[in-house]
Peer 1: 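Sharing a structure with you now.
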Amino acid sequence: MVTSPLLALLVLACATDKDGGGGSDSGCAPTDWYLDQDGDGYGAGTATSACQAPAGHTAAQGDCDDGAAGVHPGAEEVCNNLDDDCDFQVDPPEQLPQLACYRDADGDGFGTTASSLTDCACPDGYVLDATDCDDADSDAWPGAAEVWYDGVDQDCAGGDDFDADGDGVGVDGDPADCDDSHPDIHPDAEELCGNGIDDDCDGLPGDCGLTGTISSEWADLDVLAEDDYTDWTLGTASDDLDGDGAPEVLLSRTGRLLTDQEHLHEYHLVSLAAGGSSDLGGVSVATLVVPTGPDRWTARGTGLADLDLDGDGFSDYVLGGGNADYGDSNPPGRVFMAYGPASGRVDLTTESSAMLSDGMIGAGTITLLQGGGGDLFVVGAQVVDPELGSPRAMVFLSAEHLRGDTAPDDAPSMWEVESEQFQDQWRRNNDVDIDGDGLKDLFRTISTTADNASSRPSVFLGPFDSDRFTDEADATFEEDDPDGSDEATAVCTSPSGGALLVLWRHAGGLGDPSYVNRHHIYAWEGAGSYAPGDAQITLLDEEDETAAALTCGGDVDGDGIEELAMEVEGDGYVTHASETFFAMVELPDSGTWLSPDLASFFIAHPTTDNAEVAPPLLGTDVDGDGTDDILYTSSYRSIADDHAFERYRTRLLVYHGERPGL
């Protein structure tokens with residue numbers, strides 16, 4: 001009998017699974033399996049018995065919510081109103097951390113600590129955040145857009161609603177913040193040089209140093225002497241002798257006392273530590289009095305204080321006392337020495353002086369030079385009396401000649417001139433090292449009456465330890481106008497470090513407005529003769545404005561460039577034609593320029609009382625901030641109602657560098 005394949009398979013199947021439940025006659029033990037619909041490993045419902053797990057089934061049972069994978073036996077109980085671990089307890093408080101919930105009355109998602117509760121879950125109207133600063137205003141919450149200066153703290157940042165930059169100074173304060181968008185700008189901030197910002201809110205621009213037009217009334221220190229003194233001459237600044245942290249400056253004061261018609265000549269060592277306005281007595285450390293007789297003394301003696309002759313660590317003082325009149329009966333000019341430190345009244349004596357020769361009268365200007373052997377020399381520049389026939393023009397004295405009554409012939413050297421009359425024009429800061437050999441040189445205008453009162457700018461190179469004639473200059477400058485006049489005015493330092501020689505040239509009115517007053521500035525290239533065409537820089541004045549260079553040296557505005565001080569008048573510089581000005585000019589590298597275009601700032605003086613300003617002292621750091629300051633004197637006279645006499649008033653003015661101007 002033949003059996004079909006299909007029938008054989010049916011017979012075999014019946015033999016291996018007789019009960020149809022997946023078991024076998026080989027000893028398989030069926031297992032209960034539970035449907036796991038959420039795949040969390042736990043099932044529920046009716047069990048299915050089989051040797052192997054049917055698809056979607058698991059042997060673990062007890063899932064109390066087979067539609068939520070996070071709910072099963074052993075799960076972490078969380079605060080969600082569910083029985084997460086299937087222990088038949090929903091969120092038992094004793095097993096869960098309590099939540100602090102805060103009332104959110106305005107519905108902005110931020111609550112307040114004024115109303116709170118503790119629960120497993122926050123009910124409606126309560127939130128977990130308690131940083132709302134105003135729970136009655138849905139527009140006020142942390143992170144909201146702040147509307148400044150409306151009196152509402154929208155962003156809940158705290159502080160003043162009038163302090164947008166959070167620097168602690170509000171726009172409604174006193175003093176007020178001038179820029180409430182920048183935390184580094186406020187009245188107590190440091191003024192930064194050159195950033196174009198008014199950092200300290202003083203109403204002044206933040207450019208480097210002094211800018212614009214500065215009134216003489218804005219000086220950081222203004223020393224006034226309102227009496228009968230005709231002139232002050234500003235000498236060099238000295239060391240700090242009184243321990244106030246600031247140097248002193250030497251003032252030469254001369255005048256006519258109206259009470260007894262006598263002249264006086266005295267020096268004051270003036271402290272520069274004070275600020276504001278003061279009289280002379282309030283800042284004078286010492287008064288050095290030159291012995292005088294009636295109608296004998298000039299108004300322009302000068303002194304030197306930056307030297308220590310006796311090596312005791314204190315500055316000593318070399319002072320000039322000039323003779324005002326010609327004639328054998330009058331005493332000659334003298335150079336006096338006084339040892340520091342000085343305080344109170346010091347009467348100078350001839351025992352500590354050097355006498356200048358008869359006929360040497362005039363300013364008695366003092367400067368400090370360095371000889372070839374390191375000796376100190378002071379220079380007494382005088383006008384020679386033609387009636388006495390003295391050819392001597394200038395005396396160079398070493399320190400040893402200031403210890404006793406010495407005569408000019410005892411001096412190490414002197415200049416001589418053969419013309420009828422000689423007058424040396426002195427300008428401040430012309431005694432500098434022009435040729436870079438370490439010795440100071442002189443840049444001077446030699447004037448005589450022998451040749452139509454001609455003036456000759458000249459350079460004399462040091463050392464000055466032997467006699468020489470005034471026509472033995474190491475460098476001279478050719479005139480470009482026979483009707484005009486040339487005058488040596490200042491020695492400046494170029495950006496490359498070399499010397500720049502400044503000549504003021506007055507053309508005598510040839511009809512060309514730009515040719516009336518001008519400055520030719522020469523780069524020093526060694527000894528010889530310089531022609532007008534050799535000038536590296538030319539400064540022109542507008543129309544018939546007056547501009548005379550006075551001195552150079554120092555970086556007053558803190559920008560790293562040395563300034564040239566010029567005395568100017570007229571509308572070509574500023575709008576106040578009735579005032580006299582200083583213009584501080586920074587020289588360019590080369591080319592022809594209008595002087596007003598190069599001025600960084602002006603200092604204005606009223607001329608209603610015939611004010612006159614003296615050459616400023618530059619290159620001195622009075623307040624110790626690392627930036628040079630500017631010092632100068634101004635004198636002016638007023639006439640009494642009855643025109644009986646003229647009363648003179650004199651001032652010393654000090655401006656600190658890096659102080660912005662209006």
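Remember, it's a predicted structure, so these values are computed and weren't measured experimentally.
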Peer 1: For residues E266 and T287, report the shortest heavy-atom separation together with the two atoms involved.
Peer 2: OE1-CG2, 3.9 Å
Peer 1: For D555, does its backbone N or O pair with a side-chain atom of D628 as donor and acceptor, under 3.5 Å?
Peer 2: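 Looks like yes, one N/O pair under 3.5 Å.
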Peer 1: Looking at side-chain heavy atoms only, is the closest gap between E190 and D200 below 4.5 Å?
Peer 2: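 No. Closest side-chain heavy atoms not under 4.5 Å.
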Peer 1: Can you give me the closest heavy-atom contact between R518 and W504, atom names plus distance?
Peer 2: O-CD1, 3.4 Å
Peer 1: Distance-only, no hydrogens or angles: does the D433 side chain make a donor-acceptor pair with backbone N or O of G438 under 3.5 Å?
Peer 2: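 Confirmed, D433 side chain pairs with G438 backbone.
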Peer 1: Could you go through the side chain to side chain contact (heavy atoms under 4.5 Å, CB included) check for L501 and W524 one step at a time?
Peer 2: CA-CA 7 Å; L501 309 180; W524 173 256; 3.7 Å; yes
Peer 1: Less than 4.5 Å apart, any side-chain heavy atom of V223 and any of D279?
Peer 2: no
Peer 1: Side chain to side chain contact (heavy atoms under 4.5 Å, CB included), that's the test. Do Y655 and D629 meet it? Break it down for me.
Peer 2: CA-CA 6 Å; Y655 295 87; D629 307 311; over 6 Å; no
Peer 1: Could you check whether any side-chain N or O of E562 sits under 3.5 Å from a backbone N or O of T493, counting only pairs where one atom can act as donor and the other as acceptor?
Peer 2: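 Yes.
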Peer 1: Quick one: does T489's side chain have a donor or acceptor within less than 3.5 Å of a partner on V502's backbone?
Peer 2: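 Yes; at least one donor-acceptor contact below 3.5 Å.
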Peer 1: Between the side chain of D199 and the main-chain N/O of A189, is any donor-acceptor distance below 3.5 Å?
Peer 2: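 No, because the side chain of D199 does not come within donor-acceptor range (under 3.5 Å) of the backbone of A189.
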Peer 1: Looking only at heavy atoms, which two atoms of P247 and V622 are closest? And how far apart?
Peer 2: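 Closest approach of P247 to V622: CD-O, 3.4 Å.
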Peer 1: Residues in ring-ring contact (aromatic ring centres under 6.0 Å, His included) with Y317, at least two apart?
Peer 2: none
Peer 1: Working to the nearest 0.5 angstrom, can you tell me the gap between L221 CG and S278 OG?
Peer 2: 7.0 Å
Peer 1: With rounding to the nearest 0.5 Å, note down the distance linking CG in D534 to CZ in F477.
Peer 2: 9.5 Å
Peer 1: Give the ring-plane orientation class for Y522 versus Y530, where under 30° counts as parallel, over 60° as perpendicular and anything between as tilted.
Peer 2: perpendicular
Peer 1: Distance check, rounded to the nearest 0.5 Å: L564 atom CG versus I537 atom CD1?
Peer 2: 10.0 Å
Peer 1: Looking only at atom types and distance, does a side-chain atom of S458 sit under 3.5 Å from a main-chain N or O of R456, one as donor and one as acceptor?
Peer 2: yes
Peer 1: Can you check whether A176's main-chain N or O pairs, donor with acceptor, with D172's side chain at less than 3.5 Å?
Peer 2: no
Peer 1: For the CG atom of D222 and the OG atom of S277, what is their distance to the nearest 0.5 Å?
Peer 2: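 Nearest 0.5 Å value for the CG-OG distance: 4.5 Å.
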Peer 1: Can you confirm whether L652 sits close enough to V249 that some side-chain heavy atom of one is under 4.5 Å from a side-chain heavy atom of the other?
Peer 2: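 SC-SC contact between L652 and V249 confirmed.
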Peer 1: Would you indicate whether the side-chain heavy atoms of T633 and L251 approach each other to under 4.5 Å?
Peer 2: yes
Peer 1: Carefully, step by step, assess L539 and L598 under the rule side chain to side chain contact (heavy atoms under 4.5 Å, CB included).
Peer 2: CA-CA 9 Å; L539 304 183; L598 301 176; 3.5 Å; yes
Peer 1: Just checking, any donor-acceptor pair under 3.5 angstrom between side chains of D180 and Y149?
Peer 2: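 Checked: D180/Y149 side chains pair up, N/O donor to acceptor below 3.5 Å.
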Peer 1: Taking C-beta and beyond as the side chain, do L500 and V491 meet within less than 4.5 Å on heavy atoms?
Peer 2: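 Side chain of L500 against side chain of V491, heavy atoms only: no contact under 4.5 Å found.
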Peer 1: Is there a side-chain contact between Y632 and V654, using heavy atoms and a 4.5 Å cut-off?
Peer 2: no
Peer 1: Please check if the side chain of D474 supplies one atom and the backbone of F460 the other of a donor-acceptor pair under 3.5 Å.
Peer 2: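 Answer holds: no.
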Peer 1: Once you round to the nearest 0.5 Å, how far does CG of L250 lie from CG of L288?
Peer 2: 7.0 Å
Peer 1: Check H656 against D220 and note the closest heavy-atom contact, atom names and distance.
Peer 2: N-OD2, 2.8 Å
Peer 1: Using only atom types and a distance under 3.5 Å, with no angle test, would you say the side chain of E563 pairs donor to acceptor with the backbone of G553?
Peer 2: no
Peer 1: Give me the atom names and distance for the closest heavy-atom approach of Y267 to S252.
Peer 2: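 Looks like CE2-CB, 3.4 Å.
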Peer 1: Answer yes or no: is there a side-chain heavy-atom contact under 4.5 Å between D441 and D435?
Peer 2: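 Contact flag for D441/D435 side chains = yes.
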Peer 1: Which value, rounded to the nearest 0.5 Å, describes the distance between D188 atom CG and H186 atom NE2?
Peer 2: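 The CG atom of D188 sits 6.0 Å away from the NE2 atom of H186.
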Peer 1: Is it the case that atom CH2 in W148 sees more than 12 heavy atoms from other parts of the structure closer than 6.0 Å?
Peer 2: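 Enclosed.
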Peer 1: Work out which heavy atom in D177 is nearest to a heavy atom in V171; give both atom names and the distance.
Peer 2: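 Closest heavy-atom pair between D177 and V171: O-CG1, 3.8 Å.
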Peer 1: Take V432 and K440 through the side chain to side chain contact (heavy atoms under 4.5 Å, CB included) test and state the conclusion after the steps.
Peer 2: CA-CA 5 Å; V432 296; K440 284 191 175 182; 5.9 Å; no
Peer 1: In the structure I gave you, are the side-chain heavy atoms of T551 and L618 within less than 4.5 Å of one another anywhere?
Peer 2: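 Of all side-chain heavy-atom pairs linking L618 with T551, at least one is under 4.5 Å.
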Peer 1: So, T445 side chain and A488 main chain: donor-acceptor pair closer than 3.5 Å or not?
Peer 2: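 Yes, because the side chain of T445 sits within donor-acceptor range (under 3.5 Å) of the backbone of A488.
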